[in-house]
Amino acid sequence: STLFAEVSFSVTARRSRGVWVTFRMSGETATKDGDPGHRNVSTAGLLLIAFFWVVGGIYGNEPLVAAGPPAYVFILLIICALCYGLPMSLISAELACALPYDGGLVAWVDEVCGKTIGAHNMYWLWLSYLFDSCAYPVLGAKYIGNIKQIDLSIVGGGDELTGEKIVACGIVAVITLIKLGGTDYIVKASTIFFFFSMTPAVIYMVYGSKDIHPESLISTDTSEEAGGFDPAKLLSWVTWLYCGFNSLGALAGEVKDPTATYPIVIALLIPISLITVAWPLAVSISIDTNRTNYIPGHFNDLAEEECGEWLRYAFVIGATFSFVGLYNAQIIVCERSVAQPFEGMIDAYLIKKRRGAVTRYLLSENGTGVAPIFIIANALLAGVFVWLPYAALIELSMLQMSLNMYLFMYAFLWYKWYRPDMERPFKIPGGFIGGLIVATPCFGITAATFYFAATDPAPVFEVPYGKAVGLGGVTGLGFLAHFISYIVRVCRGQTSAGSVDPDRRPLLPNTDSEQGSLSQVGNVQNTPAYE
């Protein structure tokens, strides 16, 4: 039985390797080679979800046009796609095919850096995506409010802002119900979001192509009259568009055939993400060269000017579906990242004795890819955070993400250096040197983005240098929690000079052995820390 297979494998691994390996299965059965027997995410499904991880369409990108002259915008879009997005996607593909763990980079960093750094990495990633995701229901509600026939102040008891927040909470609730239905429903919902968000944009791109003027696109005028030039804002916005490529591994444990799926998704996602951003921008800049006009919602005005009022309404509908899809994609990473460290404990808790029906439902995957308790908990937090200013949440998430990027690159290079013979169905050639060459541009662009954001004196929540202060507060809270947990362990006598360090790097199984192949779909945890 599934239960017997899980327990017997865990005990065998513990006795022979000195580590605890939780053999997770996404369905009720497992195949002979140890891969999950029920993986729900196909190539098309991963591509649709990843689209919303990366770009999600044209909507809301007006500040990108306003940040700098068109030539600089298009050059940076191409450079970051090739030197930032592509390397991240290749690294994610190699690790996801070799180590298809649920949670992706959370599991990889935890395995490489140990549980202490792994816990902080999970915390940073979770908060980054939670902050980011909470902005999209609010933006979706704002676009709904742009429809003349809809008055959100009625929902908010006479206050339009309150109405927007209530509608945003409703969006969160609807997406949560879809996610509780299972991974299949998530993929189907992503298909609907993609269709309704991309259709108006494609019409705008095709119909507006006749009005593209190349001379407008190669302008390098940085004067204040032309709209000025803000390199920090331009770089941070472009990297924000492409940083979602590091999320490709979040569903690695649920992809049907990672070895075949990830190369196809990368080959399609890079050009799709670049085209769906650059082409509409080219149309828009050719229609209106005055960059000072590009405030959120200006694309709706241009759509109406190009094709009529019907396309304006279509843009409002498309933007709403786009933002809903973006929330859905970002919150998936939140759920997988925070669930990954607890999966072994949950399995042991359910196995120990019979639990009630409600408890078993909340803690069992049941086709949802992650225990419903994590879906519900993140939804409740999102329902709280949507009441905060969304712009401040996005700014904090962009800076917080840099810490995860550094650890992500380090984990990749660690595997290249210490595990050169690890089986890699998808492999970046050149060994460690090849991996270093691929990762270096990501390090450089991430460092530049971090520097510009951390030194920005702009206030967040009315606090000067708000991004840096917010980063310090979030990381400081994590270190405080770690210090308190350490003190508690000392008081309980669980930590002493002669004990095994629970934060040591876990042993990696030999991939040539039977246990090594099984561990490719498991979560390697250190036995003393687990107990």
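Under a 3.5 Å cut-off, the side chain of Asp159 and the backbone N or O of Thr162 do form a donor-acceptor pair. Checking side-chain atoms of Glu304 against main-chain N and O of Arg312 turns up no donor-acceptor pair under 3.5 Å. Listed for the Gln330 side chain is no donor-acceptor partner under 3.5 Å among the backbone atoms of Ser128. A donor-acceptor pair under 3.5 Å is formed between the side chain of Ser286 and the backbone N or O of His213. No donor-acceptor pair under 3.5 Å is formed between the side chain of Ser322 and the backbone N or O of Gly318. Within the 3.5 Å criterion, the main-chain N or O of Asp456 finds no donor-acceptor partner in the side chain of Lys467. Under the 3.5 Å distance criterion, the side-chain polar atoms of Arg291 are matched with a main-chain donor or acceptor of Ala226. At distances below 3.5 Å, at least one donor-acceptor pair connects side-chain atoms of Trp108 with backbone N or O atoms of Leu99.
When all heavy atoms of Pro63 and Gly60 are compared, the pair lying nearest together is CD-O, 3.4 Å. Heavy atoms only, all atoms of each residue included: Ala96 and Pro258 are closest at O-CB, 4.2 Å. The minimum heavy-atom distance linking Ala411 with Val109 is given by the pair CB-CG2, 4.2 Å. Smallest separation of non-hydrogen atoms from Ile270 and Gly85: CD1-C, 4.0 Å. Taking every heavy atom of both residues into account, Ala81 and Leu274 meet most closely at CB-CD1, 4.4 Å. When all heavy atoms of Pro200 and Leu311 are compared, the pair lying nearest together is O-CD1, 4.0 Å.
Asn404 and Asn246 share no donor-acceptor pair across their side chains, judged by distance under 3.5 Å alone. In this model, a donor atom of one side chain and an acceptor atom of the other lie less than 3.5 Å apart for Asn290 and Thr292. Using modelled atom types and a 3.5 Å distance limit, the side chains of Ser247 and Tyr129 yield a donor-acceptor pair. Of the N and O atoms on the side chains of Thr261 and Thr43, at least one donor lies less than 3.5 Å from an acceptor on the other residue.
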Discussion item. Does Ile332 form a side-chain contact (heavy atoms from CB on, under 4.5 Å) with Ile49? I'd like the steps, not just the answer.
Written reply: CA-CA 9 Å; Ile332 284 175; Ile49 295 173; 4.1 Å; yes
Fill in: Worked check of side-chain contact (heavy atoms from CB on, under 4.5 Å) between Asn121 and Phe408
CA-CA 9 Å; Asn121 175 67; Phe408 177 47; over 6 Å; no
Worksheet item: Is there a side-chain contact (heavy atoms from CB on, under 4.5 Å) between Met401 and Leu125 once you walk through the steps?
Response: CA-CA 7 Å; Met401 182 66 69; Leu125 184 73; 4.2 Å; yes
Item to complete: Would you sort out whether Val65 and Val73 count as a side-chain contact (heavy atoms from CB on, under 4.5 Å), showing the intermediate values?
Response: CA-CA 7 Å; Val65 180; Val73 172; 6.0 Å; no
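A 4.5 Å side-chain heavy-atom check between Leu46 and Trp53 finds at least one atom pair inside the cut-off. You'll find the side chain of Val324 stays beyond 4.5 Å of the side chain of Tyr136, heavy atoms only. Proximity of Thr259 to Phe426: side-chain heavy atoms (C-beta onward) are nowhere separated by under 4.5 Å. Annotation: side chain of Trp387 is in contact with side chain of Cys169 (closest heavy-atom distance under 4.5 Å). For the pair Phe51 and Ser273, the minimum side-chain heavy-atom distance is 4.5 Å or more. The shortest distance between side-chain heavy atoms of Asn328 and Ser190 falls below 4.5 Å. You'll find the side chain of Leu302 reaches within 4.5 Å of the side chain of Tyr204, heavy atoms only. Put simply, the side chain of Thr446 reaches to within 4.5 Å of the side chain of Ser402, judged on heavy atoms.
Counting only residues at least two apart or on different chains, no salt bridge (Lys or Arg N to Asp or Glu O under 4.0 Å) pair has a member in residues 69-84. Residue pairs satisfying the salt bridge (Lys or Arg N to Asp or Glu O under 4.0 Å) criterion with at least one member in residues 224-236, sequence neighbours excluded, are absent. Listed by first then second residue, pairs satisfying ring-ring contact (aromatic ring centres under 6.0 Å, His included) with a partner in residues 280-304 read Tyr294-His298, not counting sequence neighbours. Identified under the ring-ring contact (aromatic ring centres under 6.0 Å, His included) test for residues 239-264, with sequence neighbours left out: Trp237-Trp240. Every pair passing salt bridge (Lys or Arg N to Asp or Glu O under 4.0 Å) that includes a residue from residues 202-213 is listed here, sequence neighbours excluded: Lys210-Glu306.
How far CZ of Phe131 is from CH2 of Trp126: 8.0 Å, rounded to the nearest 0.5 Å. In this structure, Leu90 CG and Ile428 CD1 are separated by 5.0 Å, a value rounded to the nearest 0.5 Å.
Between Phe196 and Phe321, the gap from one ring centroid to the other is short of 6.0 Å.
Partners of Phe432 under the side chain to side chain contact (heavy atoms under 4.5 Å, CB included) rule, at least two apart in sequence or in another chain, are Leu413, Lys416, Trp417, Leu436.
Electrostatic pairing of Lys179 and Glu335 counts as a salt bridge here, judged by a charged N lying under 4.0 Å from a carboxylate O.
Ring geometry for Tyr59 versus Phe315: interplanar angle over 60°, hence perpendicular rather than tilted (30 to 60°).
When each of Ile78, Ile79, Leu77, Val277 is checked for a side-chain contact (heavy atoms from CB on, under 4.5 Å) with Val238, only Leu77 meets the rule.
For CG of Leu180, the number of neighbouring non-hydrogen atoms (other residues, nucleotides, ligands) closer than 6.0 Å is greater than 12. The number of heavy atoms from other shown groups lying within 6.0 Å of CZ (Phe229) is above 12. Residue Ile295 qualifies as open at atom CD1: its count of foreign heavy atoms under 6.0 Å is 12 or below.
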